[in-house]
Amino acid sequence: LFRSCTEHGKKLERYCVTDSEVICLDCRDSRKHLYHEVLNTQEAAEEFKDQLKKSLEELAAQQKVHTSSKAGFEALLADISSKTQQLEDQMKASFEKLHAFLRDEENALLQELRKEEKVLRQTLEQRISQLSAAAEKLSSDIVDVEKNLHEEDTFRFLVNFRETQLRAIVLPVNVEHTPLEIGRA
């Protein structure tokens, strides 16, 4: 990493907020940066670290929500088989009491139940997969943001700040949270 200005050869002591770059004092006084917001590097690093800390808190909160939602979906997924078996037993007991012409109706309803179970299972597995992917990305982003947040080299921190800041943005994951049940029909 360069610690001196490529244009003036002087020490890089300031940070131009407008252009998101580290500059020397001569650059600060030049026309290029004349009306720009310029901070000393230490002040800029502290300000940006505070921003990253807030973003990190939001990432961690979002990860907690995803983890909780995933656990709820996993519990629901585990419950599908037992509910399906329960409903199947009830249907069979009822249909045994009916005449032979009702046996066709029993088979049709059982087939529909299996389709519903399949659709519900696929929906829940998709939701869990989405949440897993989102949680993995959040974990990766948290590690990267924490790494840059604890960077002791101010210059290296500022050089990596823009990329780290982009990773610290919490993007909503669009996962349907409507409860699903089997056998509603």
Side-chain angles (χ1 to χ4, degrees), residues 1 15 17-22 41 44-94 106-185:
L1 296 173
Y15 184 78
V17 177
T18 307
D19 291 338
S20 297
E21 65 178 334
V22 183
T41 54
E46 288 175 15
E47 186 176 314
F48 296 147
K49 282 185 178 186
D50 286 342
Q51 288 177 13
L52 285 178
K53 285 178 186 177
K54 289 176 185 173
S55 294
L56 185 61
E57 290 171 4
E58 291 175 17
L59 286 171
Q62 188 71 24
Q63 183 184 35
K64 189 175 183 178
V65 168
H66 288 342
T67 301
S68 175
S69 293
K70 179 183 171 194
F73 286 135
E74 286 172 340
L76 188 55
L77 182 62
D79 195 40
I80 288 174
S81 294
S82 67
K83 284 188 176 183
T84 300
Q85 186 62 50
Q86 242 179 355
L87 288 169
E88 185 176 333
D89 292 344
Q90 288 172 359
M91 285 181 206
K92 284 184 178 182
S94 296
E106 176 185 10
N107 290 331
L109 287 173
L110 286 174
Q111 187 176 17
E112 188 63 35
L113 179 63
R114 293 292 182 223
K115 284 181 189 175
E116 187 177 336
E117 177 188 17
K118 182 179 179 182
V119 169
L120 183 58
R121 183 176 295 277
Q122 288 172 345
T123 301
L124 289 172
E125 287 173 349
Q126 181 183 15
R127 289 179 185 180
I128 289 169
S129 176
Q130 288 172 335
L131 287 169
S132 291
E136 285 177 25
K137 182 177 181 331
L138 285 170
S139 292
S140 172
D141 289 346
I142 287 170
V143 168
D144 290 346
V145 170
E146 285 178 337
K147 180 180 176 186
N148 199 37
L149 186 61
H150 298 323
E151 176 65 54
E152 293 182 12
D153 183 341
T154 301
F155 183 76
R156 183 168 289 172
F157 169 80
L158 291 172
V159 169
N160 294 328
F161 173 72
R162 176 62 66 202
E163 181 181 336
T164 304
Q165 187 181 38
L166 290 174
R167 293 198 75 170
I169 295 172
V170 176
L171 298 176
V173 174
N174 196 8
V175 176
E176 177 71 40
H177 290 286
T178 305
L180 301 171
E181 290 187 298
I182 196 161
R184 288 179 290 159

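Remember, it's a predicted structure, so these values are computed and weren't measured experimentally.
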[X] [atom1] to [Y] [atom2] distance, which is reported to the nearest 0.5 Å:
{"X": "Thr164", "Y": "Phe48", "atom1": "OG1", "atom2": "CZ", "result": "12.0 Å"}
{"X": "Ser129", "Y": "Arg127", "atom1": "OG", "atom2": "CZ", "result": "13.0 Å"}
{"X": "Leu131", "Y": "Thr67", "atom1": "CG", "atom2": "OG1", "result": "8.5 Å"}
{"X": "Lys137", "Y": "Leu59", "atom1": "NZ", "atom2": "CG", "result": "8.5 Å"}
{"X": "Asp144", "Y": "Leu149", "atom1": "CG", "atom2": "CG", "result": "12.0 Å"}
{"X": "Leu113", "Y": "Lys83", "atom1": "CG", "atom2": "NZ", "result": "12.5 Å"}

More than 12 heavy atoms from other groups under 6.0 Å of CD on Gln111: no
Would one find more than 12 heavy atoms of other residues, nucleotides or ligands at under 6.0 Å from atom CD of Glu125? yes
In a table with atom names and distances, give each donor-acceptor pair under 3.5 Å that connects a side chain of residues 49-58 to protein atoms at least two apart or in another chain.
| from | atom 1 | to | atom 2 | distance (Å) |
| --- | --- | --- | --- | --- |
| Lys49 | NZ | Glu151 | O | 3.1 |
| Gln51 | OE1 | Gln165 | NE2 | 3.1 |
| Ser55 | OG | Gln51 | O | 3.3 |

Worked verdict on Ser69 versus Gln130 for side chain to side chain contact (heavy atoms under 4.5 Å, CB included): CA-CA 11 Å; Ser69 293; Gln130 288 172 335; over 6 Å; no
Please confirm whether the ring centroid of Tyr15 lies under 6.0 Å from the ring centroid of Phe161. no
Set of side-chain hydrogen bond (donor to acceptor under 3.5 Å, both in side chains) partners for Ser68, sequence neighbours left out: none
What pairs with Glu88 under salt bridge (charged side-chain N to carboxylate O under 4.0 Å, His left out), at least two apart in sequence or on another chain? Lys92, Arg114
Are the side chains of His66 and Ser132 in touch, meaning some heavy atoms are under 4.5 Å apart? no
Where is the tightest heavy-atom contact between [X] and [Y], given as atom of each residue plus distance?
{"X": "Ala135", "Y": "Gln63", "result": "O-NE2, 4.0 Å"}
{"X": "Val145", "Y": "Arg167", "result": "CG2-C, 4.4 Å"}
{"X": "Ile128", "Y": "Glu74", "result": "CD1-CG, 3.7 Å"}

Using a 3.5 Å distance criterion without hydrogens, assess whether the side chain of Asn160 forms a donor-acceptor pair with backbone atoms of Arg156. yes
Under the side chain to side chain contact (heavy atoms under 4.5 Å, CB included) criterion, do Gln90 and Leu87 qualify, and how do the steps go? CA-CA 5 Å; Gln90 288 172 359; Leu87 288 169; 3.9 Å; yes
Run the numbers on Thr41 and Phe155 for side chain to side chain contact (heavy atoms under 4.5 Å, CB included), then give the verdict. CA-CA 8 Å; Thr41 54; Phe155 183 76; over 6 Å; no
